[in-house]
Q: 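Handing you a structure now.
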Amino acid sequence: EPSGEILLKHDRLILRVEKLTFNSRILPLAVLVREKIKMDEVVLSAGDTAWVLASSALVLLMTPGLAFFYGGMVRAKSALNMMMMSIITIGVVSILWVIYGFKIAFGYEADSPWYGSFSTSGLGDAVNELANNGGVYPIPLLAFAVFQLMFAIITPALISGAIADRTKFFSWAIFVAIWVTVVYFPVAHWVFAFGNKVGDTVTGAGYLASQGVQDFAGGTAVHINAGAAGLALAIVLGKRIGWQRSPMRPHSLPLVLLGASLLWFGWFGFNAGSALAANGIAALAFINTQVATAGAVIGWILTEKFRDGHPTTLGAASGAVAGLVAITPACAFVEPWAAAVIGLIAGIACALAVGLKYKLGYDDSLDVVGVHLVGGIVGSLAIGFFGTSKILGLDGLFYGGGVELLGKQALGVGLVMGYSFVMTLIIGFLIEKTIGFRVKAESELAGVDQSEHAESAYELGGVLKGGR
């Protein structure tokens with residue numbers, strides 16, 4: 001059901017940019033409009049390819065940024081372990097992605113709404129292929145694959161903050177390998193796979209994508225997924241020794257700010273890069289990302305001011321991440337004013353939500369639940385209110401669209417959250433009961449940096465003694 005058109009000169013090919021309805025889901029595609037155009041007539045876009053590759057690098061930068069963010073939030077005796085949990089995720093997920101992960105997430109051979117294909121990824125044969133995800137994009141398939149890889153990397157890394165200070169390093173690495181295989185890769189298929197389109201035939205579309213759930217850059221697949229998993233692992237590993245009795249303040253707020261800044265910077269690739277083109281939708285996602293994050297910083301520190309009497313550096317950094325999380329699913333579906341409102345709401349909601357762990361009794365060390373689960377829910381449901389067909393997608397409640405879109409968003413939130421929580425609970429308990437997931441009490445008290453890595457983040461003895 002095409003609507004509206006803009007003629008663009010795209011290298012040697014004239015394209016028409018349309019809104020194309022696919023199973024009630026509006027896809028932002030540069031649709032080839034020559035009648036029954038052959039795929040070999042599609043011309044590679046150097047500009048779009050360059051933007052997707054640059055965005056991939058930006059998204060990769062987010063995982064080291066997360067390592068700094070989390071590393072600064074823990075006590076000094078756990079800083080290296082916390083950072084290494086993010087770094088090992090890069091190694092494990094990258095290898096699994098090129099072996100089979102890409103096919104589970106974006107394969108279409110099985111024509112299943114729940115998974116792509118149980119086969120090797122075959123990326124070595126894809127050098128001259130163009131990306132096809134609900135339609136043909138003028139970018140290499142390998143560029144699309146590496147961009148999506150970076151999302152697969154950071155999602156399990158986000159979980160690690162929930163179990164800081166008490167986790168066996170190699171048990172964590174094994175968990176990451178299992179979790180991405182049975183949780184992230186299939187969920188990415190549900191949300192991000194719009195199928196292989198040849199002519200009028202589409203095969204292999206994911207369940208939530210085909211149901212019309214709108215998630216532009218990963219509010220469900222990344223943040224709700226990671227947040228629910230973080231809650232499950234916090235339950236499996238239990239509370240840290242001394243939790244709520246001993247002070248567990250961040251050991252380096254400058255590191256926290258550095259990490260938050262790198263996350264903010266990289267998130268422009270996360271969101272704007274998800275347009276898979278250097279176009280107006282990418283620009284909209286970019287500005288919405290900025291204003292939502294700004295709104296969330298303000299919302300969080302205002303909450304602190306009224307609740308605690310003073311705004312904090314940690315609050316500003318956490319508020320920024322909350323805003324980034326909330327705008328992720330909505331960045332291409334709402335107007336900039338709405339993005340600012342979503343950010344403000346997310347900042348307030350997440351600032352209040354981080355206190356739930358004290359009332360409910362789960363030790364989510366670095367507030368993965370309060371920021372990523374709650375922020376992801378806020379952003380995903382907000383599309384049902386603020387979404388507008390003037391840009392992409394369907395009209396939400398505030399634009400006269402009724403509750404249909406909100407219902408679809410709630411479906412996506414509930415399905416991903418439930419599946420991730422249950423599967424993570426099972427995986428976590430299996431690891432804990434076999435090889436052990438949590439370090440021994442004496443190792444936790446001494447610090448997991450020493451027990452797991454035989455290192456410490458800061459060697460201050462020589463400095464204190466006046467030596468070099």
Side-chain angles (χ1 to χ4, degrees), residues 62 66 69 154 158 161 214-228 230-231 256 259-261 263-264 266-268 270-272 274 284-307 311-312 314-357 364 366-387 396-398 405-406 409-410 412-413 416-417:
M62 291 171 63
L66 181 71
F69 183 69
I154 196 169
L158 293 171
Q214 296 186 358
D215 186 350
F216 193 74
T220 54
V222 176
H223 299 293
I224 291 175
N225 200 0
L231 176 60
V256 174
S261 300
L263 286 168
W264 195 331
W267 224 292
F268 292 119
F270 199 91
N271 287 354
S274 293
L284 175 70
F286 201 114
I287 192 170
N288 281 351
T289 300
Q290 177 64 21
V291 298
T293 309
V297 170
I298 293 171
W300 191 298
I301 62 175
L302 283 177
T303 302
E304 287 186 324
K305 176 64 177 176
F306 286 108
R307 182 185 60 194
T312 67
L314 179 61
S318 300
V321 175
L324 292 164
V325 169
I327 199 57
T328 292
C331 59
F333 300 119
V334 301
E335 297 181 83
W337 71 266
V341 174
I342 291 170
L344 183 67
I345 294 171
I348 296 170
C350 292
L352 297 173
V354 295
L356 290 176
K357 62 185 180 182
D364 171 19
L366 306 184
D367 298 319
V368 177
V369 176
V371 173
H372 292 277
L373 180 58
V374 173
I377 292 172
V378 168
S380 297
L381 296 182
I383 299 171
F385 295 92
F386 296 100
L397 277 169
F398 295 157
L405 179 56
L406 183 60
Q409 297 305 108
V413 168
V416 172
M417 182 167 57

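Sequence positions, counted from 1, serve as the residue numbers for this chain. Scope of the values below: all heavy atoms of this structure, side chains included, with no hydrogens, waters or symmetry mates.
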Q: Check whether Asn288 reaches the backbone of Val334 with its side chain - one donor and one acceptor, N or O, closer than 3.5 Å.
A: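 Flag set: sc Asn288 to bb Val334 pair under 3.5 Å.
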
Q: Just verifying a value: how many Å separate Ile298 CD1 and Thr303 OG1, rounded to the nearest 0.5 Å?
A: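 Ile298 CD1 to Thr303 OG1: 11.5 Å, rounded to 0.5 Å.
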
Q: Report all side-chain donor-acceptor pairs from residues 340-356 shorter than 3.5 Å, counting only partners two or more places apart or in another chain.
A:
none

Q: Using only atom types and a distance under 3.5 Å, with no angle test, would you say the side chain of Asp215 pairs donor to acceptor with the backbone of Gly218?
A: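 At least one qualifying donor-acceptor pair exists.
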
Q: Looking only at non-hydrogen atoms, find the nearest pair between Lys305 and Pro311 and report the distance.
A: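 The answer is CD-CD, 4.2 Å.
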
Q: Atom CD1 of Ile377 and atom OG1 of Thr220: how far apart are they, to the nearest 0.5 Å?
A: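 Ile377 atom CD1 to Thr220 atom OG1 measures 11.0 Å (nearest 0.5 Å).
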
Q: How close do Ile301 and Gly315 get, heavy atom to heavy atom, and via which atoms?
A: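 Distance-wise, the nearest heavy atoms are CG2-C, 4.4 Å.
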
Q: Do Leu324 and Phe270 have side chains that approach each other closer than 4.5 Å (heavy atoms only, starting at C-beta)?
A: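 No, every pair of side-chain atoms sits at 4.5 Å or beyond.
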
Q: For the pair Lys357 (side chain) and Asp364 (backbone), establish whether a donor and an acceptor sit closer than 3.5 Å, ignoring hydrogens and angles.
A: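 It does hold such a pair.
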
Q: Taking side chain as C-beta onward, heavy atoms only, is Phe386 less than 4.5 Å from Trp337?
A: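 In short, these two side chains touch, coming nearer than 4.5 Å.
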
Q: Using side-chain heavy atoms (C-beta onward) and a distance below 4.5 Å, is Leu406 in contact with Leu381?
A: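 Yes, at least one pair of side-chain atoms sits under 4.5 Å.
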
Q: Any idea which heavy atoms bring Val256 and Ala317 closest together, and the distance?
A: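 So the two residues come closest at CG1-CB, 3.8 Å.
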
Q: So, do Phe216 and Ser274 sit near enough that their side-chain heavy atoms are less than 4.5 Å apart?
A: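 The answer is yes, as the side chains (C-beta and beyond) meet within the 4.5 Å cut-off.
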
Q: Does Gln409 reach the main-chain N or O of Gln214 with its side chain, forming a donor-acceptor pair under 3.5 Å?
A: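 A pair under 3.5 Å: yes.
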
Q: Go through it in stages, so that I can follow the logic: the residues are Trp300 and Val371, the test is side-chain contact (heavy atoms from CB on, under 4.5 Å), and I'd like the CA-CA distance, side-chain angles, deciding distance and then a yes or no.
A: CA-CA 11 Å; Trp300 191 298; Val371 173; 4.2 Å; yes

Q: Would Ser380 and Ile224 count as a side-chain contact (heavy atoms from CB on, under 4.5 Å) if you check the C-alpha gap in whole Å, the side-chain angles of each, and the deciding distance to 0.1 Å?
A: CA-CA 9 Å; Ser380 297; Ile224 291 175; 3.9 Å; yes

Q: Counting only heavy atoms not in Ile287, do more than 12 sit closer than 6.0 Å to its CD1 atom?
A: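 No - once you tally the heavy atoms of other residues, nucleotides and ligands closer than 6.0 Å, there are 12 at most.
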
Q: His223 vs His372 aromatic rings, parallel, tilted or perpendicular, using cut-offs 30° and 60°?
A: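 Rings of His223 and His372: parallel, as their planes differ by under 30°.
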
Q: Do Trp264 and Thr289 have a side chain donor and acceptor closer than 3.5 Å?
A: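 No donor-acceptor contact under 3.5 Å links the two side chains.
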
Q: So Pro329 and Ile383, do their side chains get closer than 4.5 Å, heavy atoms only?
A: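 Yes - at least one pair of side-chain heavy atoms lies under 4.5 Å apart.
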
Q: List the steps, then state whether side-chain hydrogen bond (donor to acceptor under 3.5 Å, both in side chains) holds for Glu304 with Thr312.
A: CA-CA 7 Å; Glu304 287 186 324; Thr312 67; 2.7 Å; yes

Q: Please lay out, stage by stage, how Gln290 and Phe268 fare under the test side-chain contact (heavy atoms from CB on, under 4.5 Å).
A: CA-CA 8 Å; Gln290 177 64 21; Phe268 292 119; 3.2 Å; yes

Q: Side chains of Val368 and Leu373, heavy atoms from C-beta outward: is any pair under 4.5 Å?
A: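 No, every pair of side-chain atoms sits at 4.5 Å or beyond.
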
Q: Between Ile327 and Trp267, is the side-chain contact (heavy atoms from CB on, under 4.5 Å) condition met? List the steps.
A: CA-CA 10 Å; Ile327 199 57; Trp267 224 292; 5.6 Å; no

